[in-house]
Amino acid sequence: MAEATASAASGADDLPHHNPPPDLRTLIGRVLFGIALVFATWQIYTAAYSPLSSVVLRAIHVGFLLLMVFAASSAKAGRPLALKGADWLFGVAAFGTGLYQWVFESDLILRAGDPTPTDIVVGTVAVMLVFEGARRLLGFALPLICLGFVAFGLFGEYLPAPFGHRGFDYDQVVDQLSMGMEGIYGTPTYVSATYIFLFIVFGSFLERAGIIKLFSDLSIGIVGHSRGGPAKVAVISSALMGTVNGSGVANVVTTGQVTIPIMKKIGFRPAFAGAVEATASMGGQIMPPVMGAVAFIMAETLGVSYAEIVKAAVIPAILYFGAAFWMVHLEATRLGLRGMPTDELPDWRAALRKGWYLIAPLALLVFLLFKGFTPLFAGTVALAMTAGLVMGVPIAQRIGPTFGRVAFWVVLGFGAGTFFRYGVDVVFLILALLAVVLLVMRDGGRATLRTVVEALAEGARNAVSVGVACALVGVIVGIMTLTGAATNFARGIVAVGEHSLFLSLVLTMITCLILGMGVPTIPNYIITSSLVGPALLGLGVPLIVSHMFVFYFGIMADLTPPVALAAFAAAPIARAPGLQIGLQCLRIAIAGFVVPYMAVYTPVLMLQDGGPLAEAIGYLPAVCYVVSKAVISVGLWGVATIGYFEGRLPWWQRIWAAGSAFTLVAALPVTDEIGFASSLAFAVFTFMRLRRQRAARAGG
């Protein structure tokens, strides 16, 4: 979720100024921390009790986000007092636009569609501040795209058919973008204000509790000794971390600090080492249950349960990380690399015994989601459980006998279980009692409370980039809803698809990759799903599959040159050019390009009903058949790109492997027959050739 923060500096004012007094800087920092803490507390309160209408919840959420953006700008070193004052003026004004929606809620409902001049002024200020906040935080790319859509809404009537529309005046456009539940207060903002924020805070608590170290110790202890062990560790640890924070670039700059140097140390080329980390880190966004928060937006947009989205993502995610693992193994074998020394590896069994309880909140979260509870409810319960664990561990450690510690956890669990009968008040009461005990503890109690408070504030800070991006892309959704542009765009792709579905998919992929250049994954998904999703649905592609298709290629945009944000984030750590890392990413992340196409032709790959194959042989056999075909195809892609399969392969065998893999992508009986026959022939020929070479070397 922190992709956007990687480019934050590009949007900041970069002027030479005198440094502010140290005491003022400290004061601003404390105020910013306080705002973050109030923001997090407010969001948890509204998630637990839902005291406000949806539009007010969204407006206050955007107000808090912008207040934090401008407050953070004022805290930058070298910023003069005049600009600091302007920053705070902007922040307070932005928060005021949210309060305006709250104070005048009933009046705004009564005059919906007929805004007053005051409404237009407030709406204009709100939209402009969202643009400016996004510019400071995300850079120029996304604001310029959204500004183009605003220009289309205002002046699109002058465009020739079929690109134009009937025309809308300024008041209509501002009303659409800033009043009601379209525009900056649309569905993306609602998801940010509920599910996304809650899960970001949840991830923040788990990280503070030590789950990163647990995942790192587990992955290093299990595969660190194998060929190319550190690279395999990067794949596994990033997959595990994706279940918590769903972040791409953030994973690169955190786990990459450890994994990339180790990969280089054992013999991997710098560009390949950086590409492994970038590819694995971006895959965290497709790994359930969090999936970079896009899963929540997708579920809300499609009106389906969150469990349905997770179900569709499971097999593609396994294929993605399995392909990256396979690539690493082939490259390590080709280079003759060894793993890490056994005496340097952590004991993964001991790590699991010590930190197993950190996995419990994740397990509870998944259980509740698949039992049909809403993500908001499941996230609230999982967050409360995590907070209880963080606060309860130091207390339990002070209890002497093992029986006493067990009794403490049993009583705590029983008390928390009454939540289902007496409501959320019980949970808050238990957490308050734990806080009181920690407060009076002499050793470690207050440090634990500081950890809890810092986790809340850190979660709020981490949510800012995602929330601002969601608010800004609401501009695009609002303009398309107002003008009907999405329908026209979809008609064009459907017209192409009448003659070639494959060509329509290629055009859709190119659109996603272009829009994703420098744009974070969440806004990229919202944009492309609004533009292209209806088109694919019109071509007979199942609804979830069509949205997963554009989601996947939005992620691939961060790995695709020339922009490749994840690759350039890994560049300074790997000390290799970002473009070279991006080119290596294209090899390692091949499953991310192949699997979406396979899912379109055979939806059972995403566990969706439909398709001639499922109708012909049944649902479960079709799933097994398609998964087996996908594994073979991805495996052959890896052999072709690495150029190694139990021995080095000449160029013509690599082309043979790539051709066999390509024929298995489509779902036609003839292409499957050709693909399986060609794959079998390739495997037999390669093994026979290698056996002859070994025999010749032995005889020589």
Side-chain angles (χ1 to χ4, degrees), residues 223-235 259-260 262-280 319-340 559 567 574 576-577 579-594 630-665 674-700:
V223 300
H225 66 282
S226 61
R227 283 187 178 273
K232 295 175 180 177
V233 168
V235 174
T259 58
I260 293 176
I262 298 178
M263 283 188 270
K264 291 172 60 180
K265 181 179 178 180
I266 69 166
F268 282 108
R269 290 166 295 161
F272 188 86
V276 169
E277 181 58 46
T279 303
L319 288 172
Y320 181 93
F321 283 103
F325 197 92
W326 173 240
M327 297 280 191
V328 165
H329 178 76
L330 290 175
E331 181 72 4
T333 307
R334 184 180 72 85
L335 297 175
L337 303 181
R338 297 182 178 181
M340 300 170 62
L559 299 173
L579 184 59
Q580 289 185 15
I581 295 177
L583 293 175
Q584 293 292 328
C585 287
L586 295 182
R587 300 170 62 198
I588 300 171
I590 193 67
F593 291 90
V594 174
V631 169
I632 295 173
S633 178
V634 169
L636 288 171
W637 281 115
V639 168
T641 55
I642 299 298
Y644 188 93
F645 184 58
E646 297 298 325
R648 295 181 184 274
L649 302 180
W651 63 268
W652 57 270
Q653 272 191 278
R654 296 174 69 174
I655 294 177
W656 183 359
S660 302
F662 183 77
T663 55
L664 292 173
V665 174
I674 294 173
F676 281 121
S678 178
S679 302
L680 180 61
F682 171 82
V684 172
F685 178 84
T686 302
F687 278 119
M688 294 298 293
R689 176 174 169 269
L690 292 173
R691 178 180 293 181
R692 289 194 299 269
Q693 290 177 351
R694 293 192 185 101
R697 285 196 296 267

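Note that the structure is a prediction, hence the values are computed from the model and not measured. One-based numbering along the sequence shown. Atom set for the values below is all heavy atoms of this structure, side chains included, hydrogens, waters and symmetry mates excluded.
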Validation row: [X], [Y] side chains within 4.5 angstrom (heavy atoms):
{"X": "F676", "Y": "T663", "result": "no"}
{"X": "F268", "Y": "V328", "result": "yes"}
{"X": "E277", "Y": "C585", "result": "no"}
{"X": "Q584", "Y": "R269", "result": "yes"}
{"X": "V276", "Y": "K232", "result": "no"}

Distance in Å, [X] [atom1] paired with [Y] [atom2], rounded so as to fall on 0.5 Å steps:
{"X": "I260", "Y": "I581", "atom1": "CD1", "atom2": "CD1", "result": "7.0 Å"}
{"X": "F645", "Y": "T333", "atom1": "CZ", "atom2": "OG1", "result": "11.0 Å"}
{"X": "R587", "Y": "L330", "atom1": "CZ", "atom2": "CG", "result": "10.0 Å"}
{"X": "Q653", "Y": "S660", "atom1": "CD", "atom2": "OG", "result": "10.5 Å"}
{"X": "L636", "Y": "I632", "atom1": "CG", "atom2": "CD1", "result": "7.5 Å"}
{"X": "F272", "Y": "K264", "atom1": "CZ", "atom2": "NZ", "result": "14.5 Å"}

Tell me, yes or no, whether the heavy-atom count around W652 atom CH2, taken from other residues, nucleotides or ligands under 6.0 Å, exceeds 12.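 Check passes, neighbour count above 12.
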
Please walk me through it: do F682 and L649 pass side chain to side chain contact (heavy atoms under 4.5 Å, CB included)? CA-CA 11 Å; F682 171 82; L649 302 180; 3.9 Å; yes

If you take all heavy atoms of [X] and [Y], which pair is closest and at what distance?
{"X": "V665", "Y": "S633", "result": "CG2-OG, 4.2 Å"}
{"X": "E331", "Y": "I642", "result": "OE1-CG2, 3.6 Å"}
{"X": "G267", "Y": "L335", "result": "O-CD1, 4.1 Å"}

So, the side chain of S678 versus the backbone of G675: is there a donor-acceptor pair under 3.5 Å, distance only?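 Side chain of S678 to backbone of G675: no pair is present.
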
Quick check: does any side chain N or O of R334 sit under 3.5 Å from a backbone N or O of G643, one acting as donor and the other as acceptor?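 Not a single qualifying donor-acceptor pair exists.
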
May I ask you to check whether Y320 and F593 place their ring centres under 6.0 Å from each other?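 No, the ring centres sit 6.0 Å or more apart.
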
Relative to the ring of F662, is the ring of W637 parallel (under 30°), tilted (30 to 60°) or perpendicular (over 60°)?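 W637 and F662: perpendicular rings.
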
